[in-house]
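Notes follow the structure.
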Amino acid sequence: MFEYIRTHKRFMQVVLALLILPFMVFGVNGLADKGNGGDGVAEVDGNKITQLEWDNAQRRQIDRYRQRMGAQFDQRMFDTPEAKRMALDSLIAEKALNAELARDKLSVSDAAFDKWILANGFAQPDGKFDAEQFKTVAASQGMNPKQFEQRLRHDMALQHLNGSLMQSAFAPRTVAGRLSDIQEQEREVQEQILPIADFVSQVKLTDEMVKAYYEKNAAMFAIPEHVKAEYVVLNPAAIESQVAVSDAEIADFYGKNTARFTTPEQRKSSHILITTKKDDPAPAQAAAKAKAEAVLADVRKNPADFAKIAKAQSQDPGSAEVGGDLGVLEKGAFVKPVEDAILGLKQGEISGLVQSEFGYHIITVTDIKPARTQTLDEVKPKILAELKQQKMGKKYSELAETFTNTVYEQSDSLKPVADKLKLKIETAEGLSRTPSPALGAAPFNSEKFLKALFSDDALKNKRNTEAVEAAPSTLIAGRVIEFKPAAKRPLAEVDAAIRQRLTAEEAVKLARKAGEAKLAAAKASGDAAGFGEVKTLSRTKQPTIAPAAARDVLKADVSKLPAYVGVELPGQGYGLYRIGKVSMPAAPDVARRKSEQQQIDQMLGEQGMVTYIELIKQKAKAKVLTAAAPVEAPAK
């Protein structure tokens, strides 16, 4: 099977998949984080977790989800106390697991690690370890090779542990079968709706009811304290106009990196293989060679029929059916005699017999595309963008310290820093102490910036805030122009909205009351008077009634039929449901049942992992050291 000797290389996607291994309760290993961030926020196995480590864990959590979710990513999901506490809990679990791995001396053997490395993008064409490639990938992850190796070994050990726990969990077939029966069970149901609209005219509201609702739900009508502020932002976009790249610099870069813009020669080839083995007896070897020579003679007599002859005569099942097509040659993809022959042929030329460990090959080169280097004009925009990005990064680093010092030293105005760094002073209104979902990822909507803006010094003394890192490579500083304390919207302003809401609530109560009376009458009579057509419900199909009603109907007691269910339908009214028949499908879905068995096993495995993590956290005497810890937010 000559086609299968190709080397199908997997590269960064495999490495990154291991680096961001999605364990249920802990995040990516933080071997590179060794800084001291001040007082500890938690303690595991006698070692403190610092504020800095926690901040970094939150950044990694946000970066992982940003990569996975792409355009759907919304950072506001993580700017909550719950998300921050989740990051801390994950970090605690990670540290506890690290301690357990160290105690039990669980590690990956050198042989297993070397095998994984060579199989996942770090092998040269000759099969040897590619140290330069390893170093490059390590640098892209912000680590040196030794740190990167430690990271990979550690995460591989976690992966093996996780896999062992997951694979050891299973549910008895009787339990899984019973759950699948419940999933596939079908119920015939009839519906009767009492809509809200039928009861609105019966609702009698009083001013006292409106006022009572207003007082009871004061939080709904609160206007939080807010400020109007001016701010300046230093980010790559703000300094782009201050960076220029000359034609000479572009030409110099092109000259030093020509290889990057060169496409090597591409050779497309086909072959016919007559197989032999090293241990075949001499007569068999001779017969195979004789057959190969006969095929070669036929090919040379009819070179235009190469593909047709390959289909009929080639013994390589991977390529025979496609006329012997081997595709474009990749260095190291084929055994050396075959590769050498492909490289030595002209287009359309047919080789003699080429012997390899697989047998005798007849080879032709079907297409040659010569090497080509893109011209400077072709790649100029790309080089310009790259060099400009590099300069902007360097410029940002140079100006960040100036920005920080200026807003602090000349704290009564933002104009000095704006003039010095050619920044624009902008204004934002209605800012509160917490980020607004409506404002998205705007720098002034950063939790850290808002915390600085609402500090005593900024509010009372109208001084500049400190320079805050609102996002990667983004510094912002601001000052309060106007402050408005918390207030409550007057009753007159919200009266109409309250009346509308109360009317709907009272109408639902009336609908429920009427519905419960009808339900009692139906149960007593057992008939279907007033109910609609029969509909079939199951947990495996899209419900044909309101989802809220479908849930109650599918979990109702059907030991005695007909069974009746009453359900309040938000925004609709009150629904009455008559269950007349319960049945199972004639032919169970075998594939779905197998899938459900696997899902149940997986859930049990995940629960086992969670339980295991909790046990080792207890063993490591893990604890949060400060109640304030979950509230602190890191720079994004």
Side-chain angles (χ1 to χ4, degrees), residues 37-39 41 50-52 54-55 58-59 75-76 79-81 84 219 222-235 237-239 396-489 626-636:
D39 294 336
V41 295
T50 67
Q51 179 69 50
L52 177 60
W54 184 31
D55 289 351
Q58 292 177 61
R59 290 192 190 93
Q75 187 161 320
R76 291 172 295 181
D79 288 338
T80 65
K84 291 166 188 141
I223 303 174
E225 59 182 347
H226 59 281
V227 301
K228 179 179 180 182
E230 59 182 18
Y231 64 93
V232 288
V233 176
L234 178 69
N235 58 16
I239 61 176
Y396 174 84
S397 298
E398 292 172 358
L399 299 183
E401 184 175 357
T402 302
F403 181 91
T404 301
N405 292 339
T406 305
V407 296
Y408 174 75
E409 293 168 358
Q410 302 187 47
S411 61
D412 57 348
S413 173
L414 293 174
K415 192 173 185 304
V417 71
D419 291 345
K420 182 179 291 187
L421 302 184
K422 300 178 183 178
L423 304 176
K424 182 181 178 182
I425 299 177
E426 301 188 71
T427 303
E429 299 187 48
L431 302 181
S432 63
R433 289 181 182 268
T434 56
S436 167
L439 296 175
F444 57 80
N445 199 38
S446 154
E447 186 169 346
K448 265 202 165 182
F449 175 65
L450 293 174
K451 182 178 179 182
L453 200 59
F454 278 85
S455 67
D456 286 345
D457 196 36
L459 278 180
K460 295 177 181 178
N461 302 322
K462 297 294 190 293
R463 294 184 182 278
N464 294 345
T465 68
E466 62 182 340
V468 174
E469 187 183 13
S473 299
T474 300
L475 288 176
I476 182 173
R479 60 184 295 101
V480 174
I481 300 173
E482 183 181 349
F483 170 72
K484 290 188 177 181
K488 185 178 179 182
R489 296 175 68 186
T626 170
V631 179
E632 182 66 26
K636 301 296 187 293

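Heavy-atom basis, side chains included; hydrogens, waters and symmetry copies ignored. Treat the numbers as computed from the prediction; the structure is a model and nothing was measured.
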Would you sort out whether F449 and L453 count as a side-chain contact (heavy atoms from CB on, under 4.5 Å), showing the intermediate values? CA-CA 6 Å; F449 175 65; L453 200 59; 4.0 Å; yes
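- Across every non-hydrogen atom of V468 and A452, the tightest pair is CG2-CB, 4.1 Å.
- For the atom pair OG1 of T406 and NZ of K420, the computed distance is 3.5 Å after rounding to the nearest 0.5 Å.
- Side chains of T474 and V233 form a contact here, defined as non-hydrogen atoms less than 4.5 Å apart.
- Using a 4.5 Å heavy-atom cutoff, the side chains of T434 and L450 are not in contact.
- Considering only heavy atoms from C-beta on, V227 comes within 4.5 Å of L459 through its side chain.
- The minimum heavy-atom distance between A418 and V232, with the atom names listed, is CB-CG1, 4.2 Å.
- Taking the side chain as every heavy atom from C-beta outward, Y408 and N464 never approach each other to under 4.5 Å.
- Atom CG of residue L399 and atom CD1 of residue I239 lie 5.5 Å apart, to the nearest 0.5 angstrom.
- Between atom CD of residue E230 and atom CD of residue E426 there is a gap of 11.0 Å, rounded to the nearest 0.5 Å.
- Between the side chain of R489 and the backbone N or O of I223, no donor-acceptor pair lies under 3.5 Å.
- Rounding to the nearest 0.5 angstrom, the gap separating the CG atom in L234 from the NZ atom in K422 is 13.5 Å.
- Separation of atoms OG (S413) and CD1 (I425) is listed at 6.0 Å; rounding is to 0.5 Å.
- Counting heavy-atom neighbours within 6.0 Å of F483 CZ, excluding the residue itself, gives a total above 12.
- Distance alone, capped at 3.5 Å, is enough to place a donor-acceptor pair between the N445 side chain and the S436 backbone.
- A470 approaches S446 most closely through the heavy-atom pair CB-CB, 3.7 Å.
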Just do the side-chain contact (heavy atoms from CB on, under 4.5 Å) check on Q410 and V417 with the steps written out, would you? CA-CA 8 Å; Q410 302 187 47; V417 71; over 6 Å; no
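- More than 12 heavy-atom neighbours from other residues, nucleotides or ligands sit within 6.0 angstrom of NZ on K488.
- Side-chain contact between L475 and E469 is present, with heavy atoms from C-beta onward closer than 4.5 Å.
- In this structure, E398 places its CD atom where more than 12 heavy-atom neighbours from other residues, nucleotides or ligands lie under 6.0 Å away.
- Remark: S411 OG to E466 CD distance equals 12.5 Å, nearest 0.5 Å.
- Between Y231 and T465, every side-chain heavy-atom pair lies at or beyond the 4.5 Å cut-off.
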In sequence, state the C-alpha distance, the side-chain angles, and the governing distance for R433 and E225, and then conclude on salt bridge (Lys or Arg N to Asp or Glu O under 4.0 Å). CA-CA 8 Å; R433 289 181 182 268; E225 59 182 347; 2.2 Å; yes
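- The shortest non-hydrogen separation linking K462 to R479 is O-NH2, 2.5 Å.
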